[in-house]
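Please read the structure below before turning to the comments.
Source: prediction; values computed, not measured.
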Amino acid sequence: MPELDVSELNVVIAVLGTFIVAYGFLSVKIKQVWYLGEALPAVLIGIILGPISSKFLDAERWGSAAEGQQEAITLGLCRIVIGVQLVIAGFQLPAKYQQTRWKEMAICLLPVMTIMWICTSLCILITIPKLSFLAALVIGSCVTCTDPILSQAVAKGPFSDKFVPRALREIISSEAGANDGFGFPFLLLATYLIRHADLEGVKFKQGVSAAVETAAHLLKREEAGVGRLGGGISKAMEQWIVEGWLYIIVMSVVIGIIIGYGSMYVIKFGLRRKWIDSESFLLWPTAIGLFTIGICGALGTDDLLACFVAGNALNWNGQYLEESEKRHDEVNSCVDVLLNFGGFMYIGTIFPWSEFQMPDVTGITVGRLFILGLLIMIFRRIPAIFLTYKLMPNCVKDWKEALFMGYFGPIGIGAVFYVEHTRHLFPKPGEAKTDEENNLTRAMIPVVYWLVFFSIIFHGLSIPALDAFYRWKGVQPIVEEEPAEIRVLSDNDTLPTNAYANPKRNSVIVHNRFSRPVSGALPELYRWRRDSGESLDTLKTNAGEMGYAEKLEYMRRYGEEKGGPQRI
């Protein structure tokens with residue numbers, strides 16, 4: 001007999017499907033007119049349907065409905081959402097981008113991130129009571145990284161298509177992809193300094209004897225690997241270098257290179273023999289993203305960094321992105337959007353609203369959190385970029401571009417991933433033997449989740465406000481001498497932002513398009529075998545002196561002389 005089954009799974013699937021349909025019906029207005037993207041509407045829907053409002057969605061009731069399962073669900077969901085999208089972000093950069101922009105990336109990952117970490121931690125230390133400086137460093141490390149998902153929306157969104165130069169967009173996208181996985185050294189350094197601090201100066205909570213703690217509890221904690229273990233700064237630095245850098249960072253990069261490069265050669269081999277169909281080819285990034293997450297999760301390394309490295313290595317010769325553009329790839333964009341919908345809607349349902357006002361327990365109040373949010377928006381990233389942008393003249397031309405890059409460093413699912421991972425590095429709230437750890441574990445969840453919420457609202461509404469300002473000032477969209485030309489597949493398709501139709505050729509001319517398989521003076525979608533006596537420098541010089549149409553004609557003739565176009 002049929003019976004009503006209002007299970008949590010059926011409710012979640014129905015809600016997600018309804019939201020995707022409703023959003024899709026107005027997607028052009030939302031994205032290209034209002035510039036709101038997917039994150040802000042999805043989070044708001046999650047908040048409205050979550051346990052604090054209509055109580056329609058509650059992650060605590062999912063699966064077995066066991067107590068404490070929400071933490072594991074959140075961490076797993078964040079890994080999948082971020083990891084797959086980092087592979088996509090990696091292959092959408094030009095070929096050999098990390099080699100071309102190694103200096104700019106080194107600046108963004110070392111001095112910029114370090115300054116961001118310290119500034120963020122100081123803002124937390126000033127506004128949140130009962131925290132030590134080391135505890136503030138732990139929380140600050142969770143929100144130091146710019147969110148790769150929200151940053152991709154800034155770098156590749158309709159507003160940037162009109163007003164943000166491509167070089168700036170590429171460095172924002174690349175930095176966000178790399179620094180989200182590069183945040184582990186900062187988190188682990190602060191964690192190891194707390195964990196291995198000298199026990200002589202440690203203040204245990206009331207009722208705990210230092211002697212008893214040292215003799216009995218430390219032995220138990222040594223087995224669990226959490227809490228106060230002693231050993232001093234030398235022990236902390238030893239673990240930081242061996243575990244944090246050599247095992248987690250270096251090993252993750254190696255894994256990403258092996259998976260990405262292996263995929264690149266397998267795809268090249270398969271395409272020559274026409275063994276790979278379009279569906280499998282376009283789903284390749286999603287597949288290697290899931291594979292990388294599983295392998296790195298099993299080994300305990302940095303799956304986020306490995307995924308981004310794998311994406312870059314996949315397109316190291318530019319072939320994958322070129323081929324996907326020729327096949328009018330919309331699959332990866334759809335995967336990207338679907339993960340955004342599900343991920344941000346879930347985040348909206350789990351915000352710990354009750355912990356945002358606990359003056360008697362953590363000292364946290366809504367007023368303090370508002371002040372913290374404003375301080376973070378101003379001092380977390382902008383000073384670091386202004387101090388270093390002149391070292392990156394090929395990507396950031398002037399102070400205006402530096403302000404844009406510094407301002408749009410959003411905090412999102414990446415921060416949720418880090419704070420949920422940090423739960424496993426410390427005792428549960430109230431179970432630690434020191435006040436420092438208890439204050440840290442009680443405060444980090446509301447602080448990080450508040451900053452995620454604040455950033456999504458703040459940065460989500462900043463793009464529409466900036467667009468209104470540009471309209472008021474009469475700022476004109478970017479116009480290129482060599483725009484991209486895309487063949488029209490449907491007369492009902494929406495005209496892309498900063499583009500115009502060419503009815504004679506049944507195509508669309510797009511200015512400032514983000515995607516380009518190869519950087520340089522040569523035409524973007526074609527590369528030719530250089531087996532003649534003409535050097536690459538001569539080829540680039542000759543091509544650089546021509547117009548776009550002349551370049552295409554020159555390259556066509558060059559290819560005919562060599563037996564037709566050949567891939568490098």
Side-chain angles (χ1 to χ4, degrees), residues 59-60 62-64 66-83 120-121 124 128 130-132 134-145 147 180-181 183-196 205 220-229 239 243-244 248 293 296-297 300-304 343 346-347 349-356 358 361-362 364 411-453:
E60 288 286 357
W62 294 7
S64 60
E67 184 179 354
Q69 68 168 3
Q70 180 179 304
E71 301 168 9
I73 292 174
T74 304
L75 184 59
L77 180 67
C78 290
R79 290 177 60 208
I80 294 174
V81 171
I82 301 173
T120 302
S121 302
I124 294 172
I128 305 301
K130 301 182 180 182
L131 291 180
S132 67
L134 287 178
L137 286 176
V138 173
I139 300 176
S141 66
C142 295
V143 294
T144 293
C145 307
D147 187 72
D180 205 64
F184 270 101
F186 299 96
L187 172 62
L188 294 179
L189 177 58
T191 300
Y192 290 152
L193 287 175
I194 291 178
R195 183 178 295 177
H196 297 289
K205 68 180 183 180
K220 183 178 180 180
R221 290 219 189 134
E222 193 76 50
E223 298 174 358
V226 297
R228 292 288 190 182
L229 303 179
Q239 279 202 299
E243 295 184 13
I248 293 181
I293 293 169
C296 291
T301 60
D302 186 352
D303 44 8
L304 305 187
Y346 175 81
I347 295 299
T349 65
I350 63 172
F351 280 121
W353 301 102
S354 60
E355 298 182 32
F356 292 159
M358 300 181 68
V361 179
T362 60
I364 295 175
I411 302 170
I413 293 184
V416 175
F417 164 82
Y418 271 102
V419 76
E420 293 297 337
H421 179 80
T422 307
R423 286 183 189 263
H424 303 287
L425 303 178
F426 292 94
K428 293 183 179 181
E431 295 184 3
K433 301 302 180 182
T434 65
D435 291 330
E436 182 182 29
E437 289 174 287
N438 278 325
N439 292 333
L440 166 62
T441 53
R442 287 188 178 120
M444 65 182 184
I445 296 298
V447 168
V448 172
Y449 273 90
W450 169 264
L451 291 176
V452 170
F453 172 73

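Side-chain N or O atoms of Asp147 include one that pairs as donor or acceptor with a backbone N or O of Gly414 at under 3.5 Å. The closest donor-acceptor contact from the side chain of Asn438 to the backbone of Ala432 lies under 3.5 Å.
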Between Ile128 and Ile139, is the side-chain contact (heavy atoms from CB on, under 4.5 Å) condition met? List the steps. CA-CA 11 Å; Ile128 305 301; Ile139 300 176; over 6 Å; no
Go through the steps for Glu355 and Ile364 under the test side-chain contact (heavy atoms from CB on, under 4.5 Å), then give the verdict. CA-CA 8 Å; Glu355 298 182 32; Ile364 295 175; over 6 Å; no
For Leu425 and Arg195: C-alpha separation, side-chain torsions, deciding distance, then whether side-chain contact (heavy atoms from CB on, under 4.5 Å) applies. CA-CA 9 Å; Leu425 303 178; Arg195 183 178 295 177; 3.8 Å; yes
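Residues that satisfy the side-chain contact (heavy atoms from CB on, under 4.5 Å) test with Leu189, not counting sequence neighbours, are Trp117, Leu193, Met237, Trp240. Annotation: salt bridge (Lys or Arg N to Asp or Glu O under 4.0 Å) contacts of Glu420 (sequence neighbours excluded): Arg423. With sequence neighbours excluded, the residues forming a ring pair (Phe, Tyr, Trp, His ring centres under 6.0 Å) with Tyr418 are Phe184, listed by chain and number. Judged as a ring pair (Phe, Tyr, Trp, His ring centres under 6.0 Å), and not counting sequence neighbours, Tyr449 has no contacts. With sequence neighbours left out, Thr422 forms a side-chain contact (heavy atoms from CB on, under 4.5 Å) with Val138, Cys142, Leu187, Phe426, Met444.
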Only distances under 3.5 Å count here; give the side-chain donor-acceptor pairs of residues 73-81 to other protein atoms, sequence neighbours excluded, each with its distance to 0.1 Å.
residue: Thr74; atom: OG1; partner: Gln70; partner atom: O; Å: 2.8
residue: Thr74; atom: OG1; partner: Tyr346; partner atom: OH; Å: 2.6
residue: Arg79; atom: NE; partner: Asp303; partner atom: OD2; Å: 2.7
residue: Arg79; atom: NH2; partner: Ile293; partner atom: O; Å: 2.8
residue: Arg79; atom: NH2; partner: Asp303; partner atom: OD2; Å: 3.2

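A pairwise comparison of heavy atoms in Leu304 and Gly181 identifies CB-CA, 4.0 Å as the closest pair. Of all heavy-atom pairs between Ser121 and Gly140, the closest is OG-CA, 3.8 Å. Taking both residues in full, the closest heavy atoms of Asn439 and Leu131 are given as O-CD2, 3.7 Å, listed atom of the first, atom of the second, then distance.
Taking the six-membered ring where tryptophan is involved, the planes of Tyr192 and His196 are tilted, since the angle between them lies from 30° to 60°. Ring geometry, His424 versus His421: the interplanar angle exceeds 60°, so the pair is classed perpendicular (tilted spans 30 to 60°).
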